[in-house]
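To start, the structure under review is shown below, and the notes come after it.
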Amino acid sequence: MSILDNVKAHFDKLETRLIEVPEWDTVIYCTPFTMAEKKSLWKFAKGDDFEFMVRTLILKSLDKEGNKVFTISDKVDLMNGASPDVITRVVGELSTSQTIEEQEGN
C-alpha cells in the first residue's frame with residue numbers, strides 16, 4: 001500500500017459529526033472538510049469573516065440523510081436574520097465536534 005493509499009484510507013475512516021443546535025431545535029450533521037472545500041472558502045476568510053462563517057455553515061450543514069440544510073440563496077437570511085452568536089458557535093463546532101458514536105457513548 002502506498003502512502004497516498006494510506007492518506008486516502010485515513011480520510012475514508014473519518015466519520016460524520018453532529019452538532020446540536022438547541023436554539024434552532026435541530027441537529028446538524030457534517031462530514032470532514034476536504035482541501036477543495038477549504039480552498040473554496042479561503043478567499044472569504046481574509047476579506048470578510050462573517051461571510052466566511054455563513055458560507056461555511058451553508059457548505060457543511062447536512063441533515064441526517066446527508067442532504068444540505070442550506071443553499072447559497074439562504075445567505076442573505078443567515079446574514080441578516082440569524083443570531084451571530086449561534087452561527088459563530090456552530091461554525092466553530094463544525095471543525096471540533098465529536099463523532100456521532102462518541103456523542104452517543106456519552
Side-chain angles (χ1 to χ4, degrees):
M1 192 177 244
S2 73
I3 292 174
L4 183 56
D5 289 335
N6 291 340
V7 169
K8 291 168 27 179
H10 170 260
F11 187 78
D12 289 342
K13 289 180 187 175
L14 298 177
E15 299 174 358
T16 299
R17 299 173 181 268
L18 68 87
I19 299 156
E20 293 185 27
V21 190
E23 300 90 342
W24 299 344
D25 192 29
T26 195
V27 173
I28 292 176
Y29 296 80
C30 65
T31 56
F33 276 95
T34 65
M35 288 300 289
E37 288 172 330
K38 292 233 178 197
K39 179 182 177 185
S40 74
L41 292 169
W42 187 250
K43 61 186 166 197
F44 300 102
K46 294 182 179 181
D48 186 337
D49 290 344
F50 300 107
E51 183 163 349
F52 169 77
M53 286 189 284
V54 167
R55 284 182 177 267
T56 300
L57 184 70
I58 291 168
L59 178 67
K60 296 306 293 179
S61 297
L62 305 172
D63 64 16
K64 191 172 185 173
E65 288 76 38
N67 302 307
K68 292 207 176 268
V69 174
F70 303 110
T71 67
I72 195 66
S73 64
D74 296 320
K75 185 179 92 162
V76 172
D77 287 329
L78 291 167
M79 292 287 289
N80 296 299
S83 166
D85 295 334
V86 175
I87 290 178
T88 300
R89 179 181 59 77
V90 171
V91 170
E93 289 184 34
L94 284 170
S95 300
T96 60
S97 64
Q98 295 176 319
T99 64
I100 294 169
E101 289 74 18
E102 289 170 335
Q103 286 190 357
E104 288 175 349
N106 291 335

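By convention here, the first residue in the shown sequence is residue 1.
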Would you give the length of the straight line joining atom [atom1] of [X] to atom [atom2] of [Y], rounded to the nearest 0.5 angstrom?
X	Y	atom1	atom2	result
Lys8	His10	NZ	NE2	15.0 Å
Glu51	Leu78	CD	CG	11.5 Å
Leu94	Leu18	CG	CG	11.5 Å
Glu23	Glu20	CD	CD	10.5 Å
Leu57	Asp74	CG	CG	9.5 Å
Leu59	Lys68	CG	NZ	4.5 Å

Is any side-chain heavy atom of [X] closer than 4.5 Å to a side-chain heavy atom of [Y]?
X	Y	result
Arg89	Val21	yes
Val27	Lys64	no
Phe70	Val54	no
Pro84	Phe50	no
Ile72	Arg55	yes
Arg17	Glu93	no

Minimum heavy-atom distance [X]-[Y], with the two atoms named:
X	Y	value
Leu14	Pro32	CB-CG, 3.4 Å
Val91	Met53	CG2-O, 3.3 Å
Val69	Asp63	CG2-N, 3.5 Å
Cys30	Ile19	SG-CD1, 4.3 Å
Ile87	Ala82	CD1-CB, 3.6 Å
Leu41	Phe52	O-CD1, 3.5 Å

Might you confirm whether atom [atom1] of [X] has over 12 heavy atoms from other residues, nucleotides or ligands at distances under 6.0 Å?
X	atom1	answer
Lys43	NZ	no
Trp42	CH2	no
Ile3	CD1	no
Asn67	CG	yes

Legend entry - In one Ile/Leu/Val/Met/Phe/Trp/Tyr side-chain cluster, 4.5 Å: Phe11, Phe33: no
